[in-house]
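Convention: sequence-line order gives letters A, B, ...; per-chain numbering from 1.
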Amino acid sequence: MDKSPLEEKTASLNFIEALIEKDIQNHKNGGRVHTRFPPEPNGYLHIGHAKSICLNFGLAKKYNGKCNLRFDDTNPVKEDVEYVDSIMEDVRWLGFEWNGEPLYASDYFDQLYVWAEKMIVDGKAYVDEQTSEEIAAQKGTPTVPGKESPFRNRTSQENLDLFRRMKAGEFNDGEKILRAKGDMASDNMHMRDPIMYRIIHKEHHRTGDKWCIYPMYDFTHGQSDYLEGITHSICTLEFEVHRPLYNWYLDQLVEPGYRPQQIEFARLNLSYTVMSKRKLLELVQKNYVSGWDDPRMPTIGGIRRRGYTPEAVRDFADRIGVAKRDNVIDVSLMEFCVREDLNKKAARLMVVIDPVKLVIENYPAEKTEWVEVENNPEDPASGNRMMPFSREIFIERDDFMEEAPKKYFRLTPGGEVRLKGAYIIKCTGVKKNASGNIIEITCIYEPESRSGSGTEASQRKIKGTLHWVDAKNALPVEVRLYDRLFNHEDPGGQEDDFKNYLNPDSLKILSNCMAEPSVKTLKIQDRVQFQRQGYFCVDYDSTPEKIIFNRTVTLKDTWAKVAAKE
RNA sequence: UGACCCAUGGUGUAAUGGUAGCACUGCUGAUUUUGGUUCAGCCAGUUAAGGUUCGAAUCCUUAUGGGUCAACCA
């Protein structure tokens, strides 16, 4: 039986959970927990949003509460339905289902308008008709107090009339705005007569041409939370300074009592990538990547296409924790999470990425036999499969060296190696072309050494085991080797352009890889392990004629480290 | 030269006045028909100085460092 979260004293809580548990114990809001994920539909979601999604939906789940999906769509200039659909897809892919229908801040435009008029009638808001430059100039700076607008003391009647005419479309964009009467000397810039409404003659993706005035974020978010009965309104640190305004608007508009509480946490930063919408957009627009879902992008679409599982992403979100201090998570933690998940789930396959032909001289020319190999040693239920084996096979070019360092235990001239699932072979020579490149390796095999035969020869201890593919039955496939997009830990935080730190080797396309015949049964997005190499998934571009794999992540490679040191 | 927020190993995160722990990374070693997995172990931390206290990572003060705030963006 699951214990209630409140009884689980053993697990430590993050500061938001601690706060929520205190609220539940104090029976605040009747002990309800209701969160929301409030994206603006003006771009694609990235791994930072995934942290927020896991947090908000995860909290609701943990405390038997609800989590709304609410699109913060108050600016028709930037927003589009295209994004709404992709955001819903991403949230669902991560494995979460929102409470009821998707909600929209634009659903509350009528109520917000009523509230705006109330502010005017109460003498707490006024119509300003200065230019944005004038307003900015008189707003002061964080260290210099602002000055009051010359339009600040109009009568309520005049303000109401002007505001209604704004709504009626009598003015052009930017001609007039509605401002709240805050405090132009406040240390908090957001309290210096914040703008409530602006004129935008633009069709809205949901309300069409009903409105030509649109509320600002600050005049929308808290009220939306209030209307939805949100208890804990979780957002990132940069909204901390907005909190006084968030609370102030509600205090002006609604009866004392229930209030949603804004709580801020530190956004996710990941090493070796950029997260800002602007920079990601630039990568797409200038074709440094193939699109928003390029497998190198930190977007949820990119991560999905790369082959990450939702489970791995959720586990990652769990492990990075939630706190208020700025942080940079090492991307190797994310790689760890996906390896750990895929190790349990991914079927093993033999694929030779950089093939070189190997001929077994003492193996009959016409013979093909079938050998049995495990699908996944970590999952006995996954069973075994048969692979063809014959005189000519492909092995990895890296798995042979004419002059090898001491700890190299793959194939060398005169050396022995085991072909996984098949026989022990011994190298007898190499053939090279005119330019000195190896074109063929020759070996002899030990006929008694077949794997699983139980013979003494088959049980001999051999240091190296290679993956291989039967040449006659090999299927050529394309493999896209992805690596980190940037070769600097913090490409966005440098003096010069972040694009100077793009990793030139972030994508290598190899089109002559040789796969075992069973790859034919794979479908788009299937995830597998290429034995000894890494985890791969079948790309969207794949067709039955041309199978294409994306490398999700390499296997940990102890040898690569040793070799690099030599 | 203002207000607010933050400060624990390389990274991230716990310890809620009472033994500084966990994970990732890195490094050893064992096991292994994946140089994978698994297992065992190691390196490494409370920004500083005062104060309160029997006792401080935790509370207070100051300093230092980092972050946020001056869109008719969210």
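- Comparing B:rC22 with B:rA30, their P atoms sit 25 Å apart, to the nearest whole Å.
- Between the P atom of B:rG36 and the CG atom of A:Asp399 lies a distance of 14 Å, rounded to the nearest Å.
- Proximity note for A:Ala136 (side chain, C-beta onward) versus B:rA14, B:rA71, B:rU8: the nearest is B:rA71.
- Between B:rU13 and B:rA71, the distance separating the two C1' atoms is 35 Å to the nearest Å.
- For the pair A:Glu238 CD and B:rC6 C1', the computed distance is 14 Å after rounding to whole Å.
- If you check distances only, the side chain of A:Gln533 never reaches the base of B:rU34 with a donor-acceptor pair under 3.5 Å.
- Judged by atom type and distance alone, A:Thr143 does not reach the base of B:rU1 through any side-chain donor-acceptor pair under 3.5 Å.
- Atom CD of A:Gln531 and atom P of B:rU34 are 8 Å apart (whole Å).
- Nucleotide B:rA49 carries an anti base; the chi torsion (O4'-C1'-N9-C4 or O4'-C1'-N1-C2) is more than 90° from 0.
- To the nearest angstrom, C1' of B:rC69 lies 10 Å from CZ of A:Arg192.
- A donor-acceptor contact under 3.5 Å is not formed by the side chain of A:Arg319 with the base of B:rG12.
- Evaluation of atom-type donor-acceptor distances gives a pair under 3.5 Å for the side chain of A:Arg418 against the base of B:rU33.
- Nearest-nucleotide positions on RNA chain B for A:Glu378 and A:Asp73 put A:Glu378 closer to the 5' end.
- Checked by atom type, the side-chain pair A:Glu228/A:Asn68 shows a donor-acceptor distance below 3.5 Å.
- Side-chain atoms of A:Asp128 do not come within 3.5 Å of backbone N or O of A:Arg152 as any donor-acceptor pair.
- With hydrogens and angles ignored, a donor-acceptor pair closer than 3.5 Å exists between the side chain of A:His242 and the base of B:rA74.
- A close approach under 4.0 Å does not occur between any side-chain nitrogen or oxygen of A:Arg243 and OP1 or OP2 of B:rC4.
- The gap from the C1' atom of B:rG50 to that of B:rA44 amounts to 28 Å, rounded to the nearest Å.
- Here the nucleotide nearest the side chain of A:Ile329, chosen from B:rG2, B:rG35, B:rG12, is B:rG12.
- Under 4.0 angstrom from either OP1 or OP2 of B:rU8 there lies at least one side-chain N or O belonging to A:Arg325.
- For A:Pro142, taking side-chain heavy atoms from C-beta onward, the closest of the listed nucleotides B:rC73, B:rG12, B:rG2 is B:rG2.
- Distances were taken from every side-chain heavy atom of A:Glu79 (C-beta onward) to each of B:rC6, B:rU34, B:rA74; the shortest belongs to B:rA74.
- Of all heavy-atom pairs between A:Ala515 and A:Val469, the closest is O-CG1, 3.6 Å.
- Proximity of a side-chain donor or acceptor of A:Glu17 to a complementary backbone N or O of A:Asn14 within less than 3.5 Å is detected.
- Closest to the side chain of A:Phe409, from the set B:rU34, B:rC24, B:rG35, is B:rG35.
- Nearer to the 5' terminus of RNA chain B, by closest-nucleotide assignment, is the contact made by A:Lys420 (compared with the other of A:Pro39 and A:Lys420).
- Interatomic distance, A:Glu264 CD to A:His242 NE2, rounded to the nearest 0.5 Å: 10.0 Å.
- Across all strands shown, A:Thr74 has heavy atoms under 4.0 Å from sugar-phosphate atoms exclusively, and none from any base.
- The side chain of A:Glu240 approaches B:rC5 more closely than any other nucleotide in the set B:rC5, B:rG35, B:rU25.
- Taking a pair as Watson-Crick or G-U wobble with both distances under 3.5 Å, the runs of three or more consecutive pairs in RNA chain B are B:2-7 with B:64-69, B:10-13 with B:21-24, B:26-30 with B:38-42, B:47-51 with B:59-63.
- For B:rC69, neither phosphate oxygen OP1 nor OP2 lies less than 4.0 angstrom from any side-chain nitrogen or oxygen of A:Asn188.
- For the ring pair (Phe, Tyr, Trp, His ring centres under 6.0 Å) test with A:Tyr214, the passing option among A:Phe109, A:Tyr197, A:Tyr108 is A:Phe109; the others fail.
- For B:rU33, the OP1/OP2 oxygens have no side-chain nitrogen or oxygen of A:Ser458 closer than 4.0 Å.
- With distances taken from any side-chain atom of A:Leu555 to the nucleotides B:rU25, B:rG36, B:rA74, the minimum falls on B:rG36.
- At B:rG2, none of the side-chain N or O atoms of A:Thr141 fall inside 4.0 Å of OP1 or OP2 (strictly under the cut-off).
- Of the side-chain N and O atoms in A:Arg198, one or more sit less than 4.0 angstrom from OP1 or OP2 of B:rA74.
- With hydrogens and angles disregarded, a donor-acceptor distance shorter than 3.5 Å links the side chain of A:Glu396 to the backbone of A:Ile353.
- One C1' atom belongs to B:rU8, the other to B:rA23, and the distance between them is 15 Å to the nearest Å.
- Here the separation of B:rU58 from B:rU46, taken at their C1' atoms, is 10 Å to the nearest Å.
- The side chain of A:Asn75 sits closest to B:rC73 out of B:rC73, B:rC24, B:rG35.
- Screening A:Lys139, A:Gln130, A:Lys181 against A:Ser149 for a side chain to side chain contact (heavy atoms under 4.5 Å, CB included) leaves a single residue, A:Gln130.
- Ring-base stacking between A:Trp559 and B:rG35 is satisfied, the centre separation being under 5.5 Å and the plane angle under 30°.
- In this structure a side-chain-to-backbone donor-acceptor pair under 3.5 Å is present from A:Asn269 to A:Asn327.
- The nucleotide whose nearest atom lies closest to any side-chain atom of A:Ser132 is, among B:rC72, B:rU34, B:rC24, B:rC72.
- Judged purely by atom type and a 3.5 angstrom limit, A:Thr236 has no side-chain atom pairing as donor or acceptor with the backbone of A:Glu238.
- In this structure, the CD1 atom of A:Ile16 is 17 Å from the C1' atom of B:rU16, given to the nearest Å.
- Using modelled atom types, one finds no donor on one side chain facing an acceptor on the other under 3.5 Å when comparing A:Asp72 with A:Tyr104.
- Proximity of A:Lys561 to the phosphate of B:rG26: a side-chain N or O atom is located under 4.0 Å from OP1 or OP2.
- For the P atom pair drawn from B:rG10 and B:rU47, the interatomic distance equals 12 Å after rounding to whole Å.
- Between A:Arg267 and B:rG67 there is no side-chain N or O to OP1 or OP2 distance below 4.0 Å.
- In this structure, CG of A:Asn14 is placed 16 Å from P of B:rU16, rounded to the nearest angstrom.
- As a whole-Å value, the separation of A:Phe316 CZ from B:rA23 P is 18 Å.
- To the nearest 0.5 angstrom, A:Lys344 atom NZ is 5.5 Å from A:Glu340 atom CD.
- Using P as the reference atom, B:rC60 and B:rC24 are 34 Å apart when rounded to the nearest Å.
- For A:Lys139, no side-chain nitrogen or oxygen approaches OP1 or OP2 of B:rA71 to under 4.0 Å.
- A:Gln130 comes within 4.0 angstrom of a base, heavy atoms only.
- Rounded to the nearest Å, the gap between the C1' atom of B:rA74 and that of B:rA14 is 33 Å.
- Across B:rA74, B:rG12, B:rU32, the shortest atom-to-atom separation from the side chain of A:Lys461 is found for B:rU32.
- Checking the phosphate oxygens (OP1, OP2) of B:rG36, no side-chain nitrogen or oxygen of A:Arg339 falls inside 4.0 Å.
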